[in-house]
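Small disclaimer: the values here were computed from a predicted structure and weren't measured.
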Amino acid sequence: MTINGGISFWHAADPGGTPPARAPLTGDTTADVVIVGGGYTGLWTAYHLKTAAPDLRVTVLEQKTCGYGASGRNGGWLYNGIAGRDRYARLHGLPAARRLQQAMNATVTEVIETAAKEGIDADIHHGGVLEVARTPAQLARLRAFHEAEAAFGETDRLLLGAAETRARIDVADAVGATWTPHGARIHPLKLLRGLAAACERLGVTLHESTPVTALAPRRATTPYGTVRAPFVLRCTEGFTASLKGQKRSWLPMNSSMIATAPLPEATWQRIGWDGAETLGDMAHAYMYAQRTADGRIALGGRGVPYRFGSRTDNDGSTSPATVTALTRLLTAFFPALAGVEITHAWSGVLGVPRDWCATVSLDRTTGLGWAGGYVGSGVATSNLAGRTLRDLVLGDTTELTTLPWVNHRVRRWEPEPFRWLGVHALYAAYREADRRETATHTPTTTPLARLANHISGRH
(Lines give C-alpha, C1' and ligand atoms only; values in the text may rest on other atoms or scores of the structure.)
Protein backbone atom coordinates (compact mmCIF):
# COMPACT_ATOMS: atom_id res chain seq x y z
CA MET A 1 0.00 0.00 0.00
CA THR A 2 1.33 3.42 -0.96
CA ILE A 3 1.38 6.14 1.69
CA ASN A 4 0.23 9.17 -0.28
CA GLY A 5 1.10 12.50 1.30
CA GLY A 6 1.87 12.85 4.95
CA ILE A 7 4.21 15.64 3.78
CA SER A 8 6.91 13.32 2.33
CA PHE A 9 8.80 10.04 2.56
CA TRP A 10 11.63 11.93 4.26
CA HIS A 11 9.34 12.80 7.18
CA ALA A 12 8.22 9.18 7.48
CA ALA A 13 11.80 7.88 7.17
CA ASP A 14 13.43 10.14 9.77
CA PRO A 15 14.31 7.79 12.65
CA GLY A 16 14.10 10.71 15.04
CA GLY A 17 10.38 11.02 14.42
CA THR A 18 8.51 14.29 14.47
CA PRO A 19 10.14 16.64 16.98
CA PRO A 20 8.01 18.66 19.41
CA ALA A 21 6.62 21.81 17.83
CA ARG A 22 8.45 25.01 18.65
CA ALA A 23 6.42 27.69 20.36
CA PRO A 24 4.64 30.28 18.21
CA LEU A 25 5.18 33.99 18.62
CA THR A 26 3.30 35.24 21.70
CA GLY A 27 3.25 39.01 21.22
CA ASP A 28 5.03 42.01 19.79
CA THR A 29 8.82 41.87 19.92
CA THR A 30 11.96 43.23 18.31
CA ALA A 31 15.03 41.78 16.66
CA ASP A 32 18.00 42.90 14.60
CA VAL A 33 16.95 40.62 11.72
CA VAL A 34 13.62 38.87 11.23
CA ILE A 35 13.51 36.04 8.69
CA VAL A 36 10.25 34.80 7.23
CA GLY A 37 10.43 31.11 6.38
CA GLY A 38 11.99 28.18 8.23
CA GLY A 39 13.32 26.29 5.23
CA TYR A 40 16.86 26.04 3.90
CA THR A 41 17.15 29.69 2.84
CA GLY A 42 15.89 31.11 6.11
CA LEU A 43 17.92 28.78 8.30
CA TRP A 44 21.16 29.08 6.32
CA THR A 45 20.79 32.87 6.50
CA ALA A 46 20.19 32.74 10.25
CA TYR A 47 23.08 30.32 10.78
CA HIS A 48 25.61 32.40 8.87
CA LEU A 49 24.45 35.68 10.41
CA LYS A 50 24.89 34.34 13.94
CA THR A 51 28.20 32.70 13.07
CA ALA A 52 29.56 35.98 11.69
CA ALA A 53 27.95 38.29 14.27
CA PRO A 54 27.05 36.35 17.45
CA ASP A 55 25.50 39.40 19.14
CA LEU A 56 22.83 39.85 16.44
CA ARG A 57 19.27 39.08 17.56
CA VAL A 58 17.91 36.86 14.79
CA THR A 59 14.31 35.63 14.74
CA VAL A 60 12.84 33.12 12.27
CA LEU A 61 9.07 32.92 11.71
CA GLU A 62 7.71 29.72 10.15
CA GLN A 63 4.03 29.33 9.29
CA LYS A 64 3.96 25.54 9.84
CA THR A 65 7.04 23.62 10.98
CA CYS A 66 10.63 23.93 9.83
CA GLY A 67 11.03 21.63 6.83
CA TYR A 68 7.32 21.55 5.96
CA GLY A 69 7.94 23.00 2.49
CA ALA A 70 10.42 22.12 -0.25
CA SER A 71 13.29 21.67 2.23
CA GLY A 72 11.56 18.55 3.55
CA ARG A 73 10.13 17.25 0.26
CA ASN A 74 12.84 17.59 -2.41
CA GLY A 75 14.83 14.92 -4.21
CA GLY A 76 17.93 15.22 -2.02
CA TRP A 77 20.18 16.63 -4.75
CA LEU A 78 22.95 18.75 -3.26
CA TYR A 79 24.49 19.91 -6.54
CA ASN A 80 25.98 22.87 -8.36
CA GLY A 81 23.14 23.83 -10.69
CA ILE A 82 21.80 27.38 -10.49
CA ALA A 83 18.78 28.78 -12.28
CA GLY A 84 19.44 31.65 -14.68
CA ARG A 85 23.18 31.30 -15.21
CA ASP A 86 22.94 31.62 -19.02
CA ARG A 87 20.82 34.75 -18.74
CA TYR A 88 23.29 36.25 -16.28
CA ALA A 89 26.05 35.54 -18.80
CA ARG A 90 24.12 37.50 -21.43
CA LEU A 91 23.36 40.36 -19.04
CA HIS A 92 26.70 40.64 -17.23
CA GLY A 93 29.21 38.77 -19.39
CA LEU A 94 30.71 35.30 -19.24
CA PRO A 95 33.34 36.07 -16.55
CA ALA A 96 30.64 37.19 -14.09
CA ALA A 97 28.54 34.11 -14.76
CA ARG A 98 31.62 31.90 -14.40
CA ARG A 99 32.25 33.41 -10.96
CA LEU A 100 28.65 32.52 -10.05
CA GLN A 101 29.16 28.95 -11.23
CA GLN A 102 32.45 28.63 -9.34
CA ALA A 103 30.68 29.84 -6.20
CA MET A 104 28.06 27.13 -6.70
CA ASN A 105 30.73 24.46 -7.19
CA ALA A 106 32.30 25.49 -3.89
CA THR A 107 28.90 25.56 -2.18
CA VAL A 108 28.52 21.78 -2.47
CA THR A 109 31.70 21.34 -0.42
CA GLU A 110 30.63 24.15 1.93
CA VAL A 111 27.41 22.35 2.86
CA ILE A 112 29.14 18.98 3.33
CA GLU A 113 31.81 20.53 5.55
CA THR A 114 29.30 22.51 7.61
CA ALA A 115 27.20 19.39 8.19
CA ALA A 116 30.31 17.58 9.44
CA LYS A 117 31.29 20.52 11.63
CA GLU A 118 27.82 20.67 13.24
CA GLY A 119 27.53 16.90 13.63
CA ILE A 120 24.60 16.63 11.21
CA ASP A 121 24.09 13.08 9.92
CA ALA A 122 22.15 13.67 6.70
CA ASP A 123 23.05 10.46 4.84
CA ILE A 124 25.44 12.50 2.68
CA HIS A 125 27.26 10.59 -0.04
CA HIS A 126 29.50 12.67 -2.30
CA GLY A 127 29.00 10.64 -5.47
CA GLY A 128 28.45 13.42 -7.99
CA VAL A 129 25.62 13.85 -10.50
CA LEU A 130 25.01 11.60 -13.50
CA GLU A 131 22.68 12.97 -16.20
CA VAL A 132 21.78 10.50 -18.93
CA ALA A 133 20.45 10.63 -22.49
CA ARG A 134 18.09 7.95 -23.75
CA THR A 135 17.27 9.21 -27.28
CA PRO A 136 19.33 10.76 -30.09
CA ALA A 137 17.81 14.20 -29.45
CA GLN A 138 18.62 13.93 -25.75
CA LEU A 139 22.17 12.93 -26.64
CA ALA A 140 22.59 16.05 -28.79
CA ARG A 141 21.33 18.21 -25.91
CA LEU A 142 23.58 16.38 -23.46
CA ARG A 143 26.68 17.02 -25.56
CA ALA A 144 25.77 20.70 -25.91
CA PHE A 145 25.16 20.88 -22.16
CA HIS A 146 28.51 19.23 -21.43
CA GLU A 147 30.32 21.74 -23.67
CA ALA A 148 28.50 24.64 -22.01
CA GLU A 149 29.52 23.46 -18.55
CA ALA A 150 33.14 23.26 -19.67
CA ALA A 151 32.86 26.84 -20.97
CA PHE A 152 31.77 27.88 -17.48
CA GLY A 153 34.93 26.38 -16.03
CA GLU A 154 33.86 22.88 -15.07
CA THR A 155 36.92 21.08 -16.38
CA ASP A 156 36.45 18.07 -14.08
CA ARG A 157 33.21 16.99 -15.76
CA LEU A 158 33.20 13.71 -17.73
CA LEU A 159 31.38 12.82 -20.95
CA LEU A 160 30.47 9.13 -21.03
CA GLY A 161 29.41 6.79 -23.83
CA ALA A 162 26.60 4.25 -23.65
CA ALA A 163 28.70 1.42 -22.22
CA GLU A 164 30.41 3.70 -19.67
CA THR A 165 27.03 5.05 -18.58
CA ARG A 166 25.45 1.65 -18.05
CA ALA A 167 28.56 0.44 -16.22
CA ARG A 168 27.77 3.10 -13.61
CA ILE A 169 23.97 2.78 -13.58
CA ASP A 170 22.21 0.33 -15.88
CA VAL A 171 19.59 2.70 -17.27
CA ALA A 172 17.62 1.11 -20.10
CA ASP A 173 18.27 2.65 -23.54
CA ALA A 174 21.00 4.92 -22.20
CA VAL A 175 23.13 6.24 -25.08
CA GLY A 176 25.39 8.56 -23.10
CA ALA A 177 25.78 10.63 -19.96
CA THR A 178 27.65 13.48 -18.37
CA TRP A 179 28.98 13.32 -14.81
CA THR A 180 30.14 16.05 -12.47
CA PRO A 181 31.78 15.56 -9.08
CA HIS A 182 30.00 18.66 -7.77
CA GLY A 183 27.04 16.86 -6.27
CA ALA A 184 25.98 14.65 -3.40
CA ARG A 185 23.05 12.55 -2.25
CA ILE A 186 21.44 13.73 0.99
CA HIS A 187 18.44 13.06 3.21
CA PRO A 188 16.99 16.56 2.91
CA LEU A 189 14.95 16.59 6.10
CA LYS A 190 17.83 15.35 8.26
CA LEU A 191 19.93 18.21 6.91
CA LEU A 192 17.14 20.69 7.60
CA ARG A 193 16.49 19.53 11.15
CA GLY A 194 20.19 19.43 11.94
CA LEU A 195 20.56 22.96 10.62
CA ALA A 196 17.62 24.17 12.74
CA ALA A 197 19.23 22.66 15.84
CA ALA A 198 22.55 24.32 14.99
CA CYS A 199 20.76 27.67 14.67
CA GLU A 200 19.21 27.27 18.10
CA ARG A 201 22.59 26.40 19.62
CA LEU A 202 23.87 29.70 18.22
CA GLY A 203 20.98 31.58 19.83
CA VAL A 204 18.58 32.01 16.91
CA THR A 205 14.94 32.29 17.98
CA LEU A 206 12.66 29.97 15.97
CA HIS A 207 8.88 30.36 16.08
CA GLU A 208 6.78 27.71 14.34
CA SER A 209 3.00 27.81 13.67
CA THR A 210 3.43 31.55 13.09
CA PRO A 211 2.16 32.62 9.66
CA VAL A 212 3.24 36.05 8.49
CA THR A 213 0.26 37.98 7.13
CA ALA A 214 2.05 41.13 5.96
CA LEU A 215 5.56 42.38 5.30
CA ALA A 216 6.50 46.04 5.44
CA PRO A 217 9.70 48.02 5.93
CA ARG A 218 11.18 46.96 9.25
CA ARG A 219 8.29 44.81 10.43
CA ALA A 220 6.68 41.41 9.91
CA THR A 221 3.06 41.05 11.06
CA THR A 222 1.53 37.81 12.30
CA PRO A 223 -1.81 36.96 14.00
CA TYR A 224 0.08 36.76 17.30
CA GLY A 225 2.08 39.95 17.16
CA THR A 226 4.50 42.03 15.13
CA VAL A 227 8.26 41.60 14.98
CA ARG A 228 10.06 44.88 14.31
CA ALA A 229 13.61 44.76 12.99
CA PRO A 230 15.94 46.87 10.85
CA PHE A 231 16.03 43.98 8.35
CA VAL A 232 13.10 41.83 7.21
CA LEU A 233 14.10 38.94 4.93
CA ARG A 234 11.60 36.99 2.85
CA CYS A 235 12.77 33.38 2.46
CA THR A 236 9.54 31.67 1.43
CA GLU A 237 10.41 30.18 -2.01
CA GLY A 238 7.40 28.26 -3.41
CA PHE A 239 5.07 29.70 -0.76
CA THR A 240 5.84 33.32 -1.66
CA ALA A 241 2.57 33.69 -3.59
CA SER A 242 0.62 33.27 -0.34
CA LEU A 243 1.97 36.59 0.99
CA LYS A 244 -0.01 39.76 0.42
CA GLY A 245 1.13 41.51 -2.76
CA GLN A 246 3.28 38.59 -3.93
CA LYS A 247 0.72 36.51 -5.87
CA ARG A 248 2.50 37.00 -9.20
CA SER A 249 6.12 37.24 -8.02
CA TRP A 250 7.17 33.59 -8.13
CA LEU A 251 5.02 30.80 -9.48
CA PRO A 252 4.62 27.79 -7.15
CA MET A 253 5.50 24.93 -9.48
CA ASN A 254 4.50 21.45 -8.33
CA SER A 255 6.91 18.55 -8.36
CA SER A 256 6.02 15.01 -7.29
CA MET A 257 7.99 12.00 -6.08
CA ILE A 258 7.68 8.31 -5.35
CA ALA A 259 9.85 5.99 -3.30
CA THR A 260 10.16 2.24 -3.67
CA ALA A 261 10.44 -0.34 -0.94
CA PRO A 262 14.06 -1.24 -0.13
CA LEU A 263 15.40 -3.26 -3.05
CA PRO A 264 17.09 -6.66 -2.58
CA GLU A 265 20.81 -6.95 -3.14
CA ALA A 266 20.29 -9.03 -6.28
CA THR A 267 18.37 -6.14 -7.86
CA TRP A 268 21.12 -3.67 -6.96
CA GLN A 269 23.71 -5.97 -8.50
CA ARG A 270 21.74 -5.82 -11.73
CA ILE A 271 21.20 -2.05 -11.66
CA GLY A 272 24.61 -1.08 -10.33
CA TRP A 273 24.54 2.44 -8.92
CA ASP A 274 27.41 1.58 -6.56
CA GLY A 275 28.56 5.21 -6.52
CA ALA A 276 25.19 6.48 -5.26
CA GLU A 277 25.29 9.29 -7.81
CA THR A 278 22.19 11.45 -8.06
CA LEU A 279 20.54 10.63 -11.37
CA GLY A 280 18.81 12.88 -13.90
CA ASP A 281 18.04 12.90 -17.60
CA MET A 282 17.91 15.24 -20.58
CA ALA A 283 14.17 14.97 -21.29
CA HIS A 284 12.19 18.21 -21.53
CA ALA A 285 9.92 17.03 -18.69
CA TYR A 286 12.95 15.78 -16.82
CA MET A 287 13.24 13.33 -13.95
CA TYR A 288 15.51 13.22 -10.91
CA ALA A 289 16.34 10.32 -8.62
CA GLN A 290 18.61 9.04 -5.90
CA ARG A 291 19.61 5.74 -4.32
CA THR A 292 18.66 6.30 -0.70
CA ALA A 293 20.79 5.29 2.25
CA ASP A 294 18.35 2.48 3.11
CA GLY A 295 18.41 0.99 -0.40
CA ARG A 296 15.36 2.49 -2.11
CA ILE A 297 14.99 4.52 -5.27
CA ALA A 298 13.34 7.90 -4.78
CA LEU A 299 12.32 9.38 -8.14
CA GLY A 300 10.56 12.60 -9.06
CA GLY A 301 9.22 14.66 -11.92
CA ARG A 302 6.37 16.93 -12.91
CA GLY A 303 2.82 15.69 -12.35
CA VAL A 304 0.19 18.40 -12.28
CA PRO A 305 2.62 21.29 -12.75
CA TYR A 306 0.56 24.14 -11.33
CA ARG A 307 -2.67 24.77 -9.39
CA PHE A 308 -4.97 27.59 -10.42
CA GLY A 309 -4.47 30.83 -8.49
CA SER A 310 -1.00 29.83 -7.27
CA ARG A 311 -2.52 27.49 -4.68
CA THR A 312 -0.35 25.03 -2.78
CA ASP A 313 -1.21 21.67 -1.20
CA ASN A 314 -1.52 21.01 2.51
CA ASP A 315 0.05 17.62 3.10
CA GLY A 316 1.85 16.50 -0.05
CA SER A 317 -1.00 14.40 -1.45
CA THR A 318 -0.40 13.36 -5.07
CA SER A 319 -2.94 12.40 -7.73
CA PRO A 320 -3.12 8.67 -8.57
CA ALA A 321 -2.44 9.52 -12.23
CA THR A 322 0.85 11.16 -11.25
CA VAL A 323 1.86 8.18 -9.11
CA THR A 324 1.13 5.90 -12.07
CA ALA A 325 3.11 8.11 -14.47
CA LEU A 326 6.14 8.24 -12.18
CA THR A 327 6.00 4.47 -11.65
CA ARG A 328 5.98 3.95 -15.42
CA LEU A 329 8.96 6.25 -15.72
CA LEU A 330 10.78 4.29 -13.02
CA THR A 331 10.27 0.99 -14.82
CA ALA A 332 11.17 2.56 -18.19
CA PHE A 333 14.55 3.41 -16.68
CA PHE A 334 14.82 0.12 -14.80
CA PRO A 335 12.69 -2.66 -16.36
CA ALA A 336 13.82 -5.05 -13.62
CA LEU A 337 11.64 -3.06 -11.20
CA ALA A 338 8.36 -3.98 -12.90
CA GLY A 339 5.90 -4.70 -10.10
CA VAL A 340 8.06 -3.14 -7.39
CA GLU A 341 6.19 -1.84 -4.37
CA ILE A 342 5.83 1.95 -4.24
CA THR A 343 5.71 2.72 -0.54
CA HIS A 344 5.42 6.52 -0.62
CA ALA A 345 4.23 9.30 -2.92
CA TRP A 346 4.29 13.01 -2.23
CA SER A 347 4.37 16.46 -3.82
CA GLY A 348 5.66 19.94 -3.05
CA VAL A 349 6.17 23.32 -4.63
CA LEU A 350 9.25 25.16 -5.84
CA GLY A 351 9.57 28.84 -6.73
CA VAL A 352 9.78 29.84 -10.41
CA PRO A 353 10.44 33.47 -11.44
CA ARG A 354 9.12 34.61 -14.82
CA ASP A 355 12.63 34.58 -16.32
CA TRP A 356 13.71 31.40 -14.45
CA CYS A 357 16.51 33.28 -12.63
CA ALA A 358 17.34 32.73 -8.96
CA THR A 359 17.97 36.00 -7.10
CA VAL A 360 19.25 37.50 -3.85
CA SER A 361 18.28 41.08 -3.00
CA LEU A 362 18.38 43.62 -0.19
CA ASP A 363 17.06 47.18 -0.22
CA ARG A 364 18.93 48.94 2.57
CA THR A 365 16.59 51.93 2.46
CA THR A 366 13.62 49.78 3.54
CA GLY A 367 15.44 46.87 5.15
CA LEU A 368 13.49 44.44 2.97
CA GLY A 369 15.39 41.55 1.43
CA TRP A 370 14.65 38.23 -0.18
CA ALA A 371 16.21 35.21 -1.83
CA GLY A 372 14.83 32.35 -3.89
CA GLY A 373 13.39 31.45 -7.25
CA TYR A 374 15.64 28.40 -7.38
CA VAL A 375 13.50 26.47 -9.91
CA GLY A 376 14.25 23.17 -8.20
CA SER A 377 17.97 23.70 -7.54
CA GLY A 378 17.61 25.08 -4.04
CA VAL A 379 19.34 22.54 -1.82
CA ALA A 380 22.78 24.04 -2.49
CA THR A 381 21.72 27.41 -3.90
CA SER A 382 19.95 28.27 -0.65
CA ASN A 383 23.26 28.02 1.19
CA LEU A 384 24.94 30.43 -1.21
CA ALA A 385 21.92 32.71 -0.88
CA GLY A 386 22.12 32.61 2.91
CA ARG A 387 25.79 33.54 2.93
CA THR A 388 25.11 36.33 0.44
CA LEU A 389 22.22 37.73 2.50
CA ARG A 390 24.54 37.65 5.52
CA ASP A 391 27.07 39.87 3.74
CA LEU A 392 24.37 42.21 2.43
CA VAL A 393 22.83 42.63 5.90
CA LEU A 394 26.23 43.23 7.49
CA GLY A 395 27.01 45.80 4.81
CA ASP A 396 30.13 44.01 3.60
CA THR A 397 31.28 44.15 -0.01
CA THR A 398 32.53 40.66 -0.77
CA GLU A 399 32.97 38.24 -3.65
CA LEU A 400 29.45 37.05 -2.93
CA THR A 401 27.73 40.47 -2.97
CA THR A 402 29.21 41.23 -6.39
CA LEU A 403 27.86 38.07 -8.06
CA PRO A 404 25.49 38.81 -10.95
CA TRP A 405 22.36 37.38 -9.30
CA VAL A 406 22.44 40.01 -6.54
CA ASN A 407 19.60 42.56 -6.82
CA HIS A 408 18.36 41.09 -10.12
CA ARG A 409 14.74 42.07 -10.86
CA VAL A 410 12.24 40.14 -12.96
CA ARG A 411 8.82 40.98 -14.32
CA ARG A 412 5.72 39.50 -12.73
CA TRP A 413 3.83 36.47 -13.93
CA GLU A 414 0.70 36.96 -16.00
CA PRO A 415 -2.67 37.17 -14.18
CA GLU A 416 -5.09 34.25 -14.14
CA PRO A 417 -6.39 32.46 -16.13
CA PHE A 418 -3.44 33.13 -18.45
CA ARG A 419 -0.93 31.88 -15.87
CA TRP A 420 -2.69 28.53 -15.47
CA LEU A 421 -3.34 28.11 -19.20
CA GLY A 422 0.23 29.01 -20.10
CA VAL A 423 1.94 26.67 -17.63
CA HIS A 424 -0.27 23.69 -18.46
CA ALA A 425 0.12 24.28 -22.20
CA LEU A 426 3.90 24.49 -21.87
CA TYR A 427 4.19 21.22 -19.98
CA ALA A 428 1.81 19.52 -22.38
CA ALA A 429 4.15 20.69 -25.15
CA TYR A 430 7.20 19.35 -23.31
CA ARG A 431 5.58 15.95 -22.76
CA GLU A 432 4.53 15.78 -26.40
CA ALA A 433 8.05 16.76 -27.49
CA ASP A 434 9.50 13.95 -25.37
CA ARG A 435 7.00 11.51 -26.87
CA ARG A 436 7.89 12.53 -30.42
CA GLU A 437 11.63 12.35 -29.82
CA THR A 438 11.30 8.87 -28.32
CA ALA A 439 9.01 7.59 -31.10
CA THR A 440 10.89 9.05 -34.08
CA HIS A 441 14.51 8.94 -32.82
CA THR A 442 15.01 12.37 -34.35
CA PRO A 443 18.61 13.54 -33.74
CA THR A 444 17.60 17.11 -32.89
CA THR A 445 15.28 18.80 -30.41
CA THR A 446 11.78 19.12 -31.80
CA PRO A 447 10.61 22.61 -32.85
CA LEU A 448 7.73 22.26 -30.39
CA ALA A 449 10.13 22.12 -27.44
CA ARG A 450 12.22 25.01 -28.76
CA LEU A 451 9.06 27.12 -29.05
CA ALA A 452 8.01 26.17 -25.51
CA ASN A 453 11.45 27.13 -24.17
CA HIS A 454 11.22 30.52 -25.88
CA ILE A 455 7.72 31.26 -24.56
CA SER A 456 8.47 30.06 -21.03
CA GLY A 457 11.63 32.13 -20.67
CA ARG A 458 13.70 29.06 -19.74
CA HIS A 459 16.34 29.86 -22.38
Side-chain angles (χ1 to χ4, degrees), residues 10-11 14 16-26 29-72 74 78 107 110-122 124 186-212 220 222 227 229-237 239 360 362 369-372 374 378-394 400:
W10 309 117
H11 286 258
D14 188 346
T18 302
R22 296 176 174 89
L25 186 68
T26 57
T29 189
T30 61
D32 296 310
V33 181
V34 59
I35 296 169
V36 182
Y40 286 143
T41 305
L43 294 180
W44 278 125
T45 303
Y47 175 85
H48 287 294
L49 278 169
K50 286 292 286 185
T51 301
D55 292 337
L56 278 181
R57 296 172 301 150
V58 179
T59 295
V60 176
L61 305 176
E62 164 56 41
Q63 69 167 336
K64 299 260 183 165
T65 58
C66 292
Y68 176 84
S71 299
N74 64 78
L78 174 69
T107 294
E110 166 76 22
V111 173
I112 293 171
E113 290 180 348
T114 301
K117 172 186 172 184
E118 296 295 343
I120 301 171
D121 180 5
I124 297 173
I186 68 165
H187 185 303
L189 187 64
K190 288 183 180 180
L191 176 63
L192 184 286
R193 287 179 172 169
L195 179 57
C199 285
E200 289 183 308
R201 289 195 298 270
L202 290 169
V204 174
T205 300
L206 300 181
H207 290 297
E208 296 181 325
S209 302
T210 305
V212 172
T222 82
V227 181
F231 296 99
V232 179
L233 307 181
R234 189 188 80 220
C235 301
T236 47
E237 189 55 357
F239 291 87
V360 180
L362 179 66
W370 60 90
Y374 305 131
V379 178
T381 313
S382 58
N383 174 278
L384 180 61
R387 288 182 285 130
T388 305
L389 279 174
R390 170 202 61 196
D391 293 350
L392 291 170
V393 167
L394 297 179
L400 300 185

Legend entry - Asp121: partners by side chain to side chain contact (heavy atoms under 4.5 Å, CB included), with sequence neighbours left out: Asp123
Inset, instruction - Output the distance between atom OG1 (Thr51) and atom CZ (Arg387), rounded to the nearest 0.5 Å. - result: 11.5 Å
Legend entry - Check: Thr388 side chain, Gly386 main-chain N or O, donor-acceptor pair, under 3.5 Å: no
Legend entry - With Tyr40 via side chain to side chain donor-acceptor pair (under 3.5 Å) - residues at least two apart: none
Legend entry - Heavy-atom pair with the smallest gap, counting every atom of Gly72 and Leu189: CA-CD1, 4.0 Å
Inset, instruction - Check for a donor-acceptor pair, side chain of Thr210 on one end and backbone N or O of Leu25 on the other, with a separation under 3.5 Å. - result: yes
Inset, instruction - Answer yes or no: is there an ion pair linking Glu118 with Arg201, defined by an N-O contact shorter than 4.0 Å? - result: yes
Inset, instruction - Determine yes or no for a side-chain-to-main-chain donor-acceptor pair under 3.5 angstrom, with Glu208 supplying the side chain and Arg22 the backbone. - result: yes
Inset, instruction - Over all heavy atoms of both residues, which pair between Ala220 and Val212 is shortest? Give the atoms and the distance, please. - result: CB-CG1, 4.3 Å
Inset, instruction - Looking only at non-hydrogen atoms, find the nearest pair between Val204 and Lys50 and report the distance. - result: CG2-CG, 3.4 Å
Inset, instruction - Taking the side chain as every heavy atom from C-beta outward, state whether Lys190 and Ile120 have any pair of such atoms under 4.5 Å apart. - result: no
Legend entry - Polar side-chain atom of Trp10 near backbone of Asn74 as donor-acceptor pair, under 3.5 Å: yes
Inset, instruction - Please examine the side chains of Val379 and Ile186, heavy atoms only from C-beta on, and report whether any two atoms are closer than 4.5 Å. - result: yes
Legend entry - Heavy-atom pair with the smallest gap, counting every atom of Val360 and Ala371: CG2-CB, 4.1 Å
Legend entry - Phe231 side chain reached by Leu392 side chain, heavy atoms, under 4.5 Å: no
Inset, instruction - Measure from the side-chain N and O atoms of His48 to the backbone N and O of Leu389, and report whether any donor-acceptor pair falls under 3.5 Å. - result: no
Inset, instruction - Specify the closest pair of heavy atoms between Tyr374 and Glu237, including all atoms of both residues, with the distance to one decimal. - result: N-OE2, 3.0 Å
Legend entry - Gap separating the CZ atom of Arg390 from the OH atom of Tyr47, nearest 0.5 angstrom: 10.5 Å
Inset, instruction - Please round to the nearest 0.5 Å and tell me the distance separating atom CG of Leu56 and atom CG of Leu394. - result: 6.0 Å
Legend entry - Distance, nearest 0.5 Å, that separates CG of Leu191 from CD1 of Ile124: 6.0 Å
Legend entry - Side chain proximity check, Thr41 to Leu233, heavy atoms < 4.5 angstrom: no
Inset, instruction - Report the distance from atom CG of Leu400 to atom OG1 of Thr107, rounding to the nearest 0.5 Å. - result: 8.0 Å
Legend entry - Non-hydrogen side-chain atoms of Leu206 and Glu62 separated by less than 4.5 Å: no
Legend entry - Flag side-chain contact, heavy atom, 4.5 Å: Val232 against Arg234: no
Legend entry - Exercise: identify the closest heavy-atom pair between Val393 and Leu362: N-CD2, 3.8 Å
Legend entry - Backbone of Ala23 reached by a side-chain donor or acceptor of His207 within 3.5 Å: yes
Inset, instruction - To the nearest 0.5 Å, tell me how far Glu200 CD sits from Leu195 CG. - result: 10.5 Å
